Amino acid sequence: MFNTENILSNEQRGHDLALLIAQAEINKTLVAQVKSENEATELDIYPLYLTAYHEALESFSKDFPD
């Protein structure tokens with residue numbers, strides 16, 4: 001087998017996790033709208049992604065130092 005620990009950079013890990021968090025928030029918002037039968041509301045994904053990315057990057061940098 002091969003070592004996969006350093007194949008991804010911390011930036012790539014952070015990006016991947018931030019995308020998953022943004023997708024989960026979108027899904028949560030859509031489900032809530034369907035259940036309440038409210039009109040669609042706007043969801044600004046970029047600030048959500050950016051916050052998640054920076055938090056994930058900080059955590060990954062602790063777990064996977066250079």
Side-chain angles (χ1 to χ4, degrees):
M1 207 38 93
F2 54 92
N3 182 355
T4 61
E5 184 176 339
N6 292 319
I7 290 178
L8 294 176
S9 69
N10 289 339
E11 289 79 9
Q12 290 168 311
R13 290 180 178 110
H15 168 73
D16 291 350
L17 185 56
L19 287 178
L20 289 172
I21 291 169
Q23 183 64 52
E25 186 63 29
I26 291 167
N27 291 343
K28 185 175 88 173
T29 300
L30 289 175
V31 167
Q33 287 177 359
V34 167
K35 285 184 176 182
S36 68
E37 298 180 3
N38 289 338
E39 289 186 30
T41 58
E42 288 189 28
L43 179 62
D44 191 357
I45 297 170
Y46 182 69
L48 176 66
Y49 165 85
L50 196 58
T51 299
Y53 173 77
H54 287 295
E55 289 176 2
L57 182 57
E58 183 179 338
S59 293
F60 283 129
S61 294
K62 290 176 185 174
D63 291 340
F64 302 96
D66 292 335

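Keep in mind the model is a prediction, meaning the values are calculated, not measured.
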In short, salt bridge (charged side-chain N to carboxylate O under 4.0 Å, His left out) pairs touching residues 22-32 with sequence neighbours left out are Glu25-Lys28
- If we ignore angles and hydrogens, is there a donor and acceptor under 3.5 Å between the side chains of Gln23 and Asn27? yes
Grouping ILVMFWY residues whenever side-chain heavy atoms fall under 4.5 Å, the cluster of Leu43 otherwise contains Ile26, Leu30, Ile45
Here the side chain to side chain donor-acceptor pair (under 3.5 Å) pairs for residues 49-61, sequence neighbours left out, are His15-Tyr49
With a 4.5 Å cut-off on side-chain heavy-atom distances among I, L, V, M, F, W and Y, is there a chain of contacts connecting Phe60 to Ile21? yes
Minimal heavy-atom distance between Ala56 and Gly14, with the atoms involved, is CB-CA, 3.9 Å
Here the gap from Asn10 atom CG to Leu17 atom CG, rounded to the nearest 0.5 Å, amounts to 12.0 Å
